[in-house]
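Worksheet: the structure to be examined is printed underneath.
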Number of protein chains: 2
Amino acid sequence: MKAASSLHEKIRETIEGKILSGAWVPGYRIPFERDLMSQYGCARMTVNRALGSLVDAGLIVRRRRVGSFVAQPHIRSVILDIPDIKADVVARGGSYGLRLLSRKVRKANRADEKALAGQGPVMVLRCLHLANGRPFALEDRIINLKAVPAAAAADFSVEPPGTWLLVHVPWTEAEHRITAVNADAATSEILDVPAGEACLLLERRTWRGKANITSVRQTFVGATYDLIARFTSKSMAPQKHSAV
Amino acid sequence: MKAASSLHEKIRETIEGKILSGAWVPGYRIPFERDLMSQYGCARMTVNRALGSLVDAGLIVRRRRVGSFVAQPHIRSVILDIPDIKADVVARGGSYGLRLLSRKVRKANRADEKALAGQGPVMVLRCLHLANGRPFALEDRIINLKAVPAAAAADFSVEPPGTWLLVHVPWTEAEHRITAVNADAATSEILDVPAGEACLLLERRTWRGKANITSVRQTFVGATYDLIARFTSKSMAPQKHSAV
DNA sequence: TTTTGCAATATGTCTAGACATTAAAGAGCG
DNA sequence: CGCTCTTTAATGTCTAGACATATTGCAAAA
């Protein structure tokens with residue numbers, strides 16, 4: 001555990017420890033600010049800051065005139081990174097390659113609007129990700145050029161569009177859909193696997209505010225790709241997805 | 001957007017708006033605390049609190065003696081609910097059914113220890129989840145009876161083990177692995193699909209503290225199951241990633 | 001008995017300072 | 001020119017108050 005360099009962090013971590021260890025169960029009344037002040041010999045603002053950050057973390061709830069209480073655990077969820085394929089492959093010591101199969105700019109048609117929920121010019125990309133020289137994932141992507149005009153000038157034959165977008169465009173909302181499909185003839189040929197091979201299909205739509213930024217559909221060969229999500233309620237930290 | 005009832009929230013939201021709209025690009029220098037003080041006519045602590053919460057949200061980075069800057073977009077994460085199959089099916093308006101195929105209690109053998117990373121008595125379950133009378137998912141589960149002795153008395157022929165565990169056992173850590181596989185002969189027969197059908201395979205191990213609670217392997221027919229994850233950055237807890 | 005009003009209290013927000021810490025920039029020197 | 005030392009500027013933390021706001025319990029009035 002990292003050293004708490006400041007007092008408000010020490011207070012925060014002490015209380016956090018009580019909650020996560022189960023010593024203070026949900027609903028337990030946390031000592032009043034006044035008591036924590038005298039316990040730590042500090043000003044109220046310092047205690048207040050510690051408790052405030054516990055509220056932000058969802059570990060406690062506070063009510064005026066009433067007090068502070070350990071929050072009911074409500075999150076039954078895990079954290080999953082937005083996968084960046086290039087970073088993934090490289091992180092595992094593989095060599096990454098990219099082949100841009102097609103790139104078009106056009107007005108959004110009916111199908112695009114369904115995927116993007118927007119109108120105006122879009123860029124339609126199809127590219128193949130390679131790991132160690134072998135096909136790894138097939139990606140079909142639509143980028144909303146009205147929301148991301150700079151994408152028109154980007155060179156997606158070198159840097160994968162997902163990587164470019166992650167760096168250049170902050171996003172506020174994303175929706176994922178994960179399912180399994182049998183590779184059809186065209187897909188199996190591109191990915192160089194037998195027809196009917198089980199593939200992991202990941203569809204993602206990303207927004208910034210109300211504006212839809214991009215919609216992507218990635219097909220991974222099931223045998224060579226896992227999505228791994230790990231959740232630790234303590235640190236909220238490590239989440240990994242990895243290729244095998 | 002909710003009304004900012006306090007000044008530090010107003011300041012925070014104003015700056016957040018600049019960043020999310022793209023007006024202030026990553027790397028942009030945010031006005032100094034001193035300037036924001038005079039702009040809003042408030043004390044430094046108030047500005048400091050607003051900026052502090054933006055740091056927690058990962059939107060800005062601050063460096064002593066240097067200043068505050070719009071953060072590079074992070075590789076952020078999405079929240080994936082721990083799926084409860086029964087609740088899922090019911091939520092989609094289907095009728096849920098359960099068939100307990102086998103239930104055994106035994107000492108952990110080599111394979112169990114690999115899955116559970118523990119010793120002692122375990123309960124081994126195999127059950128089939130039905131949606132609208134049709135096979136939906138096949139589940140193989142191992143429960144660590146040393147960690148969850150109450151499971152020995154539970155009736156898993158009515159309530160699915162996953163549902164029972166969610167309600168009765170709080171967990172602190174979970175690891176998921178998601179991949180796609182072609183159904184083998186035995187699986188395809190149980191799920192009543194053609195052999196080779198693409199299936200979504202979800203493996204999950206769950207801990208409470210150091211104790212492994214359960215390990216489960218669920219096979220869904222790809223054509224009838226999606227995993228959906230939605231993420232909104234506003235509600236996100238602090239995530240300390242280095243910038244891309 | 002029921003309702004209304006009031007006081008008590010814990011948190012929410014804010015102020016105007018203080019000193020600590022860090023890192024950039026300049027000063028002095030070999 | 002390259003090195004160390006000092007200055008300085010911006011954030012990090014903290015204090016001892018202040019007033020605001022929400023909620024509870026109690027007391028008084030209907």
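Throughout, a chain's letter reflects where its sequence line sits, starting with A, and its residues are numbered from 1.
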Inset, instruction - Go through the steps for A/E203 and A/H176 under the test side-chain hydrogen bond (donor to acceptor under 3.5 Å, both in side chains), then give the verdict. - result: CA-CA 6 Å; A/E203 291 177 308; A/H176 288 231; over 6 Å; no

Inset, instruction - Take the protein atom CZ of A/F69 and the nucleotide atom C1' of C/dA10, then report the distance between them rounded to whole Å. - result: 10 Å

Inset, instruction - Check for a donor-acceptor pair, side chain of B/S21 on one end and backbone N or O of B/G17 on the other, with a separation under 3.5 Å. - result: yes

Inset, instruction - Without swapping roles, check the side chain of B/T214 against the backbone of B/I142 for a donor-acceptor pair under 3.5 Å. - result: yes

Inset, instruction - Classify every nucleotide of nucleotides 5-13 of chain D by which part a protein heavy atom approaches to under 4.0 Å, writing B for the base, S for the sugar-phosphate alone and - for neither, in 5'-to-3' order. - result: ---BBBBBB

Legend entry - B/E13/B/K18 ion pair, N-O < 4.0 Å: no

Legend entry - Strand DNA chain C in bracket notation, Watson-Crick/G-U under 3.5 Å with | for pairs to another chain: ||||||||||||||||||||||||||||||

Inset, instruction - May I ask you to check whether B/R141 and B/S215 show a side-chain donor-acceptor distance below 3.5 Å? - result: no

Legend entry - Whether over 12 other heavy atoms sit under 6.0 Å from B/K10 NZ: yes

Legend entry - Under the salt bridge (charged side-chain N to carboxylate O under 4.0 Å, His left out) test, residues paired with A/R49 that sit two or more places apart: none

Inset, instruction - Could you tell me which non-hydrogen atom of A/S157 sits nearest to which non-hydrogen atom of A/D155, and how far apart they are? - result: OG-OD1, 2.6 Å

